[in-house]
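Below is one structure, written out as structure tokens, with a few remarks after it.
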Amino acid sequence: MRLVPCLIAFAPLCGVSFAQEPTVVAPAHVVLAEGQTLIDGATLANVLHVDVTEGGAVAALVELLVDDGGSGVITRALWRDGVVVALEGQSLPAPNGAVLSTIDASQCELGNGAQVYARYQLGGVTAGVGLYRNLAPVILEGAAANGLGFGAGSVWLDPRHAASASNGQLLVVGRIDDPTVPSESDPVLARVTVGGGGQVTAQQVLLKEGQPMIGAPGPITEIADGRDSIALGNDGSWIGIPITQPPQGPARASIVRNGQAIATDDQPSPIPGRNWTNLAQSRVSINDSGLPAFRGRLTGTPGTNEVIVVGNQVLVQRGDVLVDTSPIPMTSFENSPIEVSNDGDVLWSGRIGVAQKGSGRALFVNQRVIVREQQTVVDGAFVVALGGTRRFAFSDGGRRVVAHVLLSNGRESVIAIDLGNWQELPGQFGSAFGIPHLWGSGNSIEDFPVAVNLHGARPNAPTVLVVGFAPANQTVLGMLVVPSPDFVITDVATDAFGTAVVSDRWPKGIPAATPTFAQWFVFDPTAPNGVAASNAVVTQSQ
């Protein structure tokens, strides 16, 4: 940051000029853009799915416009970090004579070593379907399904989707033909261990047709097989959505963690007086220590009939007014996926309002806005629209986010966001407008972009941002001032929504491991002392 020292005690008279950016987002940059040439004679036309690792590897399932000398044709490809790793129409090394006919539009999963898993429809000499890692087959239609829980002679009919863990394990949902089950096509959820070369070394049934369920009524008749209906943690924890048939009444879906139902249709939810319903359409996630998160639907009033649950606590409910979106309520989660990081942070998207100023879609981490339509700026262009379902992703550690967006320059793009290593600290002091919320983001490496965002403050109000290299923890005007007042920025005011942001590049010359603290103060006559305070944040230079 371009900061000028301020060696006097905290006071608004000690100011630093600073450019205010029209953005409410963590620092982001474009990694893929419509029209970009990905291979000779083929340019990016559309993005279907994305994924990202903690180390920053990015993968995308895309559609390419291929120049055929005429009007052009659209074909799908798997792209990872600048390289097309699979392309419809190409020959596959195995099985012999196979051709990659179609890449499944619902599958793009980055596993250990940044290997991309996807489901291919095969053509050529060997037709069928297969789950592949890059170009190497993992499970092919007709392959033996053997291991704990499989009946003798079981074979895979269709490995539908896979969720990966960094330890080389996969959670695979699909269909098998198990001779011990009366039907010819049997839904199954299995844990599959994949070796370094991509070979399957072990398989184990976790859920299967006809199996009774602990905590759920009746035996399993189906298993939801959408891309976001399963998840696997590095500790072996898993989550899925079986559908059971009780002796009487309709079939019921359950969200099951490690074999135990944690939510079931027609059973009580965490919201008093509201039961779960239609859980077969839920989206689920689990982190590497087994913490589950899911989005579910409730009975009752439509305007409040969806929630996101983390563990056994409700994170957000449809109809809530969040600090970062006040005073506009959440009106929909739009069938979007969710992802929970190893720190318990949750990435999700939703619609704010319907037809009022400030309405539109936003991408959230917990209750913080990190991308918002019409307000977020990336590489000089506004985000006009967020992409549809399954077009954003969270790294396991919660540091990296990728998202598919339409920018005001007219180009569909994939943007990458580095949330950095910022931590929130106490210090907030509210007013009639509520308690201002501050969060920081960006990579604290020399010349990398960083930002500090303020939400929930009095609209159109002057502010003071205090930044320091040590914790002062002094009481001033009845407030806890956390940073030492090494730098004070006074020329940034909140906008009509009570938000503000300061962004720049991390300055040169700060030694590694140096802590940097920040806290925002807002001049607000409705506060007891005329000033409201946000929480503080801290990061360390790297």
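Residue numbers run from 1 in the order of the sequence given. Atom set for the values below is all heavy atoms of this structure, side chains included, hydrogens, waters and symmetry mates excluded.
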Are the side chains of [X] and [Y] in touch, meaning some heavy atoms are under 4.5 Å apart?
| X | Y | result |
| --- | --- | --- |
| V129 | P159 | yes |
| P511 | S541 | no |
| R411 | V30 | no |
| W156 | L131 | no |
| T325 | Q367 | no |
| E63 | L48 | yes |
| I74 | L65 | yes |
| F392 | L386 | no |

Quick one: does any side-chain atom of [X] pair with a main-chain N or O of [Y] as donor and acceptor, under 3.5 Å?
| X | Y | value |
| --- | --- | --- |
| R505 | F448 | no |
| E339 | S285 | no |
| H29 | D379 | no |
| D51 | L110 | yes |
| R119 | D158 | no |
| T221 | I243 | yes |
| T102 | Q121 | no |
| N287 | S289 | yes |
| N234 | A165 | no |
| E54 | G397 | yes |

Taking all non-hydrogen atoms of both residues, which atom of [X] and which atom of [Y] are closest, and how far apart?
| X | Y | value |
| --- | --- | --- |
| P95 | L140 | CD-CD1, 3.7 Å |
| G240 | I230 | CA-CG2, 4.4 Å |
| A118 | L78 | CB-CD1, 3.7 Å |
| R295 | F333 | CD-CB, 3.5 Å |
| S183 | E209 | OG-OE1, 2.9 Å |
| A60 | L32 | CB-CD1, 3.9 Å |

(request) Mark yes when over 12 heavy atoms from residues, nucleotides or ligands other than Q90 sit less than 6.0 Å from its CD; otherwise mark no. (result)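 Yes, because the 6.0 Å sphere around CD of Q90 holds more than 12 heavy atoms from other groups.
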
(request) Evaluate side chain to side chain contact (heavy atoms under 4.5 Å, CB included) for V378 paired with I417, printing each intermediate quantity in order. (result) CA-CA 10 Å; V378 181; I417 302 167; over 6 Å; no

(request) Give me the one residue out of D186, D177, D178 that meets salt bridge (Lys or Arg N to Asp or Glu O under 4.0 Å) with K208. (result)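 Looking at D186, D177, D178, the match for K208 under the salt bridge (Lys or Arg N to Asp or Glu O under 4.0 Å) is D178.
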
(message) Over 60° means perpendicular and under 30° means parallel, so tell me whether W506 and W422 are parallel, tilted or perpendicular.
(response)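 Plane angle over 60°, so perpendicular.
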
About how many Å separate [atom2] of [Y] and [atom1] of [X], when rounded to the nearest 0.5 Å?
| X | Y | atom1 | atom2 | answer |
| --- | --- | --- | --- | --- |
| T331 | E306 | OG1 | CD | 10.0 Å |
| S106 | H161 | OG | NE2 | 3.5 Å |
| L363 | I370 | CG | CD1 | 4.5 Å |
| T376 | F382 | OG1 | CZ | 9.0 Å |
| L157 | S185 | CG | OG | 5.5 Å |
| S237 | L171 | OG | CG | 11.0 Å |

Would you call [X]-[Y] a salt bridge at under 4.0 Å N-O?
| X | Y | result |
| --- | --- | --- |
| E109 | R133 | no |
| R399 | D418 | yes |
| D225 | R175 | no |

(request) For V401 and L419, run side chain to side chain contact (heavy atoms under 4.5 Å, CB included): C-alpha distance rounded to whole Å, both residues' side-chain angles, the deciding distance at 0.1 Å, then the answer. (result) CA-CA 8 Å; V401 174; L419 296 178; 4.1 Å; yes

(message) Set out, in order, the CA-CA distance, both residues' side-chain angles and the distance that settles side chain to side chain donor-acceptor pair (under 3.5 Å) for S341 and D343, then state yes or no.
(response) CA-CA 5 Å; S341 76; D343 289 333; 5.0 Å; no

(message) Applying side chain to side chain contact (heavy atoms under 4.5 Å, CB included) to Q203 and N146, what does each step give before you reach the verdict?
(response) CA-CA 6 Å; Q203 303 180 58; N146 50 34; 3.8 Å; yes

(message) Evaluate W238 against Q169 for side chain to side chain donor-acceptor pair (under 3.5 Å), listing each step before the verdict.
(response) CA-CA 11 Å; W238 57 273; Q169 288 194 337; over 6 Å; no

May I ask you to check whether [X] and [Y] show a side-chain donor-acceptor distance below 3.5 Å?
| X | Y | answer |
| --- | --- | --- |
| W79 | Q36 | no |
| N421 | Q540 | no |
| N342 | D396 | no |

(request) Verify ring-ring contact (aromatic ring centres under 6.0 Å, His included) between W348 and F364, making sure each step is shown before the conclusion. (result) CA-CA 5 Å; W348 58 282; F364 296 81; 4.2 Å; yes

(request) Give the intermediate values and the outcome of side chain to side chain contact (heavy atoms under 4.5 Å, CB included) for residues V172 and Y117. (result) CA-CA 11 Å; V172 179; Y117 291 89; over 6 Å; no

